[in-house]
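Below: the structure, in structure tokens.
Naming convention: chains lettered A, B, ... in sequence-line order (proteins, then strands); numbering from 1 in each chain. All figures in this text were calculated on a predicted structure; none of them were measured in a lab. When reading the values below, keep in mind they use all heavy atoms of this one structure, side chains included, and skip hydrogens, waters and symmetry mates.
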Protein chains: 2
Amino acid sequence: MLPKPTEAELNILSILWQQGPSTVRQVYEVVSQTKEVGYTTILKLMQIMAEKGLVSRDESSKSHIYKASQSQQKTQKNLLEDLLERAFSGSRRQLVLQALNTDSVSKEELAEIRALLDSLEAS
Amino acid sequence: MLPKPTEAELNILSILWQQGPSTVRQVYEVVSQTKEVGYTTILKLMQIMAEKGLVSRDESSKSHIYKASQSQQKTQKNLLEDLLERAFSGSRRQLVLQALNTDSVSKEELAEIRALLDSLEAS
DNA sequence: TTCTATCAACGAAACGTTTCGTAGGAGAAT
DNA sequence: ATTCTCCTACGAAACGTTTCGTTGATAGAA
């Protein structure tokens, strides 16, 4: 089982999911737009992530190419289930209610969720 | 603004929410049922939490009585919004879909969520 | 009063995460 | 060939979290 990614690691994974397999330089360019950080910091993080199995890398070219080992959806699911246990005492209902308890949900999103509810109820 | 509680801190907060205001000893008794840990570890954690403002304490008796500063709901909301940003790129829809994408949701829960959708859509 | 149990406070060790400086190698440019 | 640039690897510092041993105070029991 893969370990839970840390905050910095998750940030890098997000970039890999968005951009697809990337070099350290490519990830660094994105990160440094938001955050002042050194190149070797990102390199080191990605090396550690490779050790942990969070990413795999292709070393055939001089600049290694990294990609996320797990899909974004699978990782999202894991993190959500983790939060469910740690903060919601396993109450999925409470989590969903909290997630929807905001005014920034569009009609379209509501419709989409309804559709999911329908398909769940059908099975 | 209160800092995001760490893992160990959240565990203690959960106990305080469940049991109401408690002494270190009372929290320790609960924690030690699950986890082998020393009393002073819990004490130190709760002292730090008091410094951070995560808990407040009544020092009038010899055994100080600690209580969570924020409600469970408010904290849940904060943690969920944090995860929404960090792991779901702000896509609330994706988060809710992932949360419901499991077979362990009862009919009653689905109905409850539907009701919430109705009230959201009404406003 | 003296002993015992319980408590808060403190400091520091142990551990994990994040940071980056430095070194060394490989390839491109001069 | 020498220099310049870009890359990986490594080690360690800096920082935050978690752990607990020790100390000193206080209250209750003997």
**Fill in**
Whichever of B:V37 and A:V24 has the more 5' nearest nucleotide on DNA chain D, that residue is A:V24
Using a cut-off of less than 4.0 Å, is there contact between a side-chain N or O of [X] and OP1 or OP2 of [N]?
X	N	value
A:K35	C:dT19	yes
A:T6	C:dT17	no
A:K52	C:dT17	yes
A:Y39	D:dT8	yes
B:R25	C:dC7	yes
A:R57	D:dC7	no

**Request:** Have a look at A:T40 and say if it touches a base, only the backbone sugar-phosphate, or nothing, with a 4.0 Å heavy-atom cut-off.
**Result:** base
Within this structure, what is the [atom1]-to-[atom2] distance between [X] and [N], rounded to whole angstrom?
X	N	atom1	atom2	result
A:N11	C:dT19	CG	C1'	15 Å
A:Q26	D:dT8	CD	P	11 Å
A:L13	C:dT17	CG	P	14 Å
B:E51	D:dT17	CD	P	12 Å
B:Y28	C:dC7	OH	C1'	14 Å
B:E9	D:dT19	CD	P	11 Å
A:I65	D:dT8	CD1	P	10 Å
A:Y66	D:dC7	OH	C1'	10 Å

**Asked** Looking at residues 42-50 of chain A, who's got a heavy atom less than 4.0 Å off DNA chain D?
**Response** A:L43, A:K44, A:Q47
Drop me the distance from [X]'s [atom1] to [Y]'s [atom2], to the nearest 0.5 angstrom.
X	Y	atom1	atom2	answer
A:D118	B:R114	CG	CZ	4.5 Å
B:E81	B:R92	CD	CZ	4.0 Å
A:T75	B:Q98	OG1	CD	10.0 Å

**Message:** Using heavy-atom distances to pick each residue's nearest nucleotide on DNA chain C, tell me which of A:A8 and A:K62 is more 5'.
**Reply:** A:A8
**Request:** Apply salt bridge (charged side-chain N to carboxylate O under 4.0 Å, His left out) to the pair B:E109 and B:K107, showing each step before the final yes or no.
**Result:** CA-CA 5 Å; B:E109 287 176 314; B:K107 294 255 180 196; over 6 Å; no
**Message:** Closer than 4.0 angstrom, basic N to acidic O: yes or no for A:K4 and A:E9?
**Reply:** no
**Message:** Check B:R93 with A:E108, please: is the shortest side-chain N to carboxylate O separation under 4.0 Å?
**Reply:** no
**Prompt:** Under 3.5 Å, side chain of B:K77 to main-chain N/O of A:A99, donor-acceptor pair present?
**Reply:** no
